[in-house]
Amino acid sequence: MGVLSFSAGTLGAFSLIALAFPFISLFTILWRSKDSLGHIAIFNAFISFIASFIVFCCVWNKEVIHLQTGWFTIGENVFTAGILLNNLSVLMMVLVSGISLLVHVYSLMYMKGDPGINKYWAYLGLFCFSMLGLVVSDSLLLIYIFWELVGFSSYLLIGFWFTRDAASQAAKKAFIINRIGDIGLLTGLMIMYAQFRTFDVVKLFGPMGLVDSASIIDGIWISPVSQMPVVWLSVAGFAFFIGAMAKSAQFPLHTWLPDAMEGPTSVSSLIHAATMVAAGVFLLGRVYPLFDSLVFNVIIIIGVLTAFLGATIALTQNDIKRILAYSTISQLGFMIAAMGIGAYGESIFHLATHAFFKCLLFLSAGAVIHQLHHYKEHHQLEFDHQDIRLMGGLGKKMPVTFISMCVAAAALAGLPLTGGYLSKDAVLITSFEWASGYHGFKKLVPYVLVLTSWLTAFYIARLIFKVFFGKLRYEGITEASSSMSRVLIVLAICSLFILVSFNPLSYEGSWILAGFTGSGVKPFEVFHSIVPIVVTIGSILMVLIGFRIYAKRDGRTFREKGFFYRFSNRAWYLNEAYNLMFVKPVERIAHYSYRFDKLIVDGVVNLAGAGMGVLSRVADWLDRYIVDGAVNGAAVLARHTGNFARQFQSGRLQHYLITMLTLVVGFFILTYFI
Amino acid sequence: MIPLSHFMFISAVLFCLGLYAVLTKRNAIQVLIGIEFMINAAILNFVAFGRFDKATGGGQMFALFTIVLAAAGVAVALAIILNVYKHFRTINPAKIDSLKD
């Protein structure tokens with residue numbers, strides 16, 4: 001890794017290149033032709049990955065690069081924008097661009113022939129650009145902007161097949177729930193600015209930064225420029241955490257993630273592996289020094305609860321993508337909980353390994369769905385091609401997909417020789433070490449996590465056995481095309497231990513973990529040997545049970561009814577609860593407002609209108625008959641007078657004479673008799 | 001001796017006949033004749049009143065002047081009628097109405 005060396009400015013330029021190229025993909029939306037767009041987009045993703053990789057090689061475990069420039073000035077406050085490249089951001093960069101490159105390559109076949117393909121590449125480019133921007137930004141304000149962009153582009157991609165009602169509903173749901181998180185992040189931003197008068201991440205959270213040096217005296221939180229009651233410190237921590245909760249799908253804001261499965265599977269893969277949901281964990285990593293013990297407790301509770309909840313729901317789902325979605329929620333719970341117990345490095349480590357195996361799981365599931373969908377169309381059958389109950393025996397027909405999905409499943413279940421094993425053990429062991437120093441509910445945390453990882457092994461085994469083992473239902477189904485399979489193979493290799501550590505059984509040798517400061521808890525040697533053994537044996541047992549039930553199908557099965565089954569299958573009834581608690585009241589308020597609007601407001605308006613109508617009719621009558629009447633009457637009088645007078649001027653001499661005579665005689669008669 | 005009122009009566013009848021002719025006839029010559037009737041009614045009055053002015057004979061004198069004037073008037077009127085006929089190709093006063101605007 002030491003071969004390459006560039007100056008800080010060059011590396012900054014490289015990271016900007018990594019940002020700019022996916023953004024160029026956005027403009028493919030303008031193209032009319034749809035033929036070569038995929039190759040352009042892949043090229044952009046490739047350049048982005050290469051640039052990210054160079055930056056990664058030059059920055060990892062070396063000096064932090066921080067470049068910034070003045071952005072704008074309000075009054076005397078100068079706002080800066082810039083790039084912060086430290087271990088966290090370069091790791092995320094290479095993860096995001098790498099996963100995105102693989103997803104791009106995969107999409108070329110997967111999305112082939114879609115009528116909106118130019119939009120697809122454009123949105124995908126925007127998505128990667130936003131996430132890379134979020135990762136390298138050095139200012140909370142910039143992070144907020146990219147945060148919103150990530151939410152927006154995920155909205156576009158989830159609702160990519162927007163003509164389907166479910167897809168557009170899911171996109172709206174994702175967007176609205178993410179807005180709740182955005183409010184949290186914005187609140188955090190405002191508190192930080194009010195307290196420290198800067199958005200600069202390095203100044204705020206860096207070593208000996210403003211947050212570290214701010215002191216708490218007598219319940220007052222004092223920074224060099226301002227002070228406020230100490231409760232705002234917790235509020236700020238909560239606010240940032242709410243942002244992370246929405247993006248990283250933590251209970252109770254996780255419900256958008258399973259619904260987001262309505263998007264194309266390649267997009268789900270990108271969302272779940274590297275871009276969208278990782279943003280929340282990344283944000284926690286960025287603002288890590290801010291959290292106080294109260295916020296940490298909440299983070300632990302939410303994380304553990306989410307991990308457990310996701311695993312229990314995944315047990316009984318039948319849609320292949322929904323199982324994976326809930327497993328993502330569960331794994332994110334692990335990461336968040338790890339953040340909460342102070343295992344910062346372990347959390348990021350798990351994020352990195354999870355990115356590969358979850359991407360692989362989704363892409364393999366996508367391959368299965370893709371092939372089944374084509375089979376269905378070719379034979380003109382009608383069945384739900386995402387329902388695992390209708391699959392079976394695919395292992396023989398789709399060996400590459402089968403093997404790569406098994407590797408990913410093993411990584412998810414935490415079986416040895418995989419990256420997932422190492423990172424999960426890292427989290428679990430650290431949690432045991434951490435819990436040994438506490439009493440009360442904190443003692444429970446590691447046990448719940450161990451239970452969750454056993455459940456994880458069970459549900460992923462169920463998925464594998466149901467899809468790939470048993471009787472083959474669909475004769476003549478074939479392996480996914482080679483460009484898709486190759487991506488699966490690359491990801492399968494990346495999911496193995498070799499990428500993160502040379503020692504397949506111990507996480508301590510992992511180079512990723514070495515790049516972050518340790519959790520600081522006292523190590524207990526005993527946990528390092530017992531925990532992996534117990535967890536692995538439990539997981540293997542779970543896999544065997546799953547094998548007995550789902551692969552051999554010897555009649556032994558779970559009753560698919562009963563309270564617990566329904567509770568899990570309906571996702572703890574949370575959607576229903578939200579419907580009852582938020583959607584229904586809002587709808588009712590909307591209904592009443594509508595009625596109020598219709599009856600009162602519209603009534604008043606209509607009444608005024610009707611009044612005006614009557615008034616104008618009166619005015620019209622007055623105008624027509626009185627005013628016009630007077631005018632017309634004058635005119636008529638004048639006309640008649642004129643006509644009458646005109647008769648006298650007939651032009652005939654004798655008529656004049658008669659007139660004269662009449663007048664003279666009349667005059668004489670008048671004077672004579674009066 | 002014939003009383004004055006008889007002259008006056010004849011004169012009034014004559015005047016009315018002339019007036020009637022002037023107002024109703026459809027021929028300018030007849031209208032002219034009507035005018036002569038009216039002038040002669042006036043002359044008759046002059047002569048009749050002249051009985052009360054035997055010394056100077058003013059009434060007879062005026063009658064003479066009037067006869068001369070009437071003759072001159074007729075001459076002028078006939079010339080006008082001739083010109084009217086030339087201009088309008090008619091002497092029916094009902095058809096000559098270019099006096100109106």
Side-chain angles (χ1 to χ4, degrees), chain A residues 605-674, chain B residues 5 8-42 44-45 49 69-70 73-101:
Chain A
V605 172
N606 287 343
L607 203 67
M612 281 313 288
V614 170
L615 208 64
S616 64
R617 218 157 292 146
V618 170
D620 173 61
W621 188 88
L622 279 174
D623 196 45
R624 193 178 295 275
Y625 293 101
I626 308 296
V627 180
D628 279 16
V631 173
N632 287 343
V636 166
L637 187 69
R639 192 174 73 222
H640 284 292
T641 315
N643 280 345
F644 178 71
R646 212 163 56 177
Q647 287 171 0
F648 298 110
Q649 204 189 10
S650 63
R652 292 186 196 163
L653 205 59
Q654 287 165 323
H655 287 183
Y656 294 151
L657 288 174
I658 290 172
T659 311
M660 267 186 328
L661 182 73
T662 316
L663 285 175
V664 170
V665 171
F667 179 73
F668 272 108
I669 289 171
L670 277 176
T671 48
Y672 190 77
F673 287 109
I674 299 168
Chain B
S5 58
M8 300 293 282
F9 182 73
I10 295 296
S11 165
V13 169
L14 205 55
F15 185 84
C16 286
L17 285 172
L19 188 63
Y20 175 76
V22 166
L23 292 181
T24 60
K25 288 304 165 191
R26 291 291 182 255
N27 189 325
I29 306 292
Q30 286 172 316
V31 170
L32 197 58
I33 291 169
I35 291 170
E36 287 303 314
F37 266 55
M38 285 152 74
I39 291 172
N40 281 310
L44 189 61
N45 270 8
F49 285 113
L69 273 176
V74 164
V76 171
L78 278 172
I80 289 172
I81 287 169
L82 204 59
N83 276 316
V84 163
Y85 181 75
K86 270 189 192 160
H87 192 257
F88 292 102
R89 310 309 296 172
T90 180
I91 52 170
N92 183 352
K95 290 191 177 156
I96 301 163
D97 55 359
S98 58
L99 268 179
K100 76 175 175 189
D101 50 30

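Here is the naming used below: chain letters follow the sequence lines, and residue numbers restart at 1 for every chain.
- The backbone N or O of B:P93 lies less than 3.5 Å from no partner atom in the side chain of A:Q654, so there is not a single donor-acceptor pair.
- Residues of residues 655-672 of chain A that come within less than 4.5 angstrom of chain B, heavy atom to heavy atom, are A:Y656, A:L657, A:I658, A:L661 in numerical order.
- For B:L23, the parts sitting under 4.5 Å from any heavy atom of chain A are the backbone and the side chain alike.
- Only the side chain of B:V31 comes within less than 4.5 Å of a heavy atom in chain A; its backbone stays farther off.
- Counting non-hydrogen atoms of other residues, nucleotides and ligands closer than 6.0 Å to CZ of B:F88 gives a total above 12.
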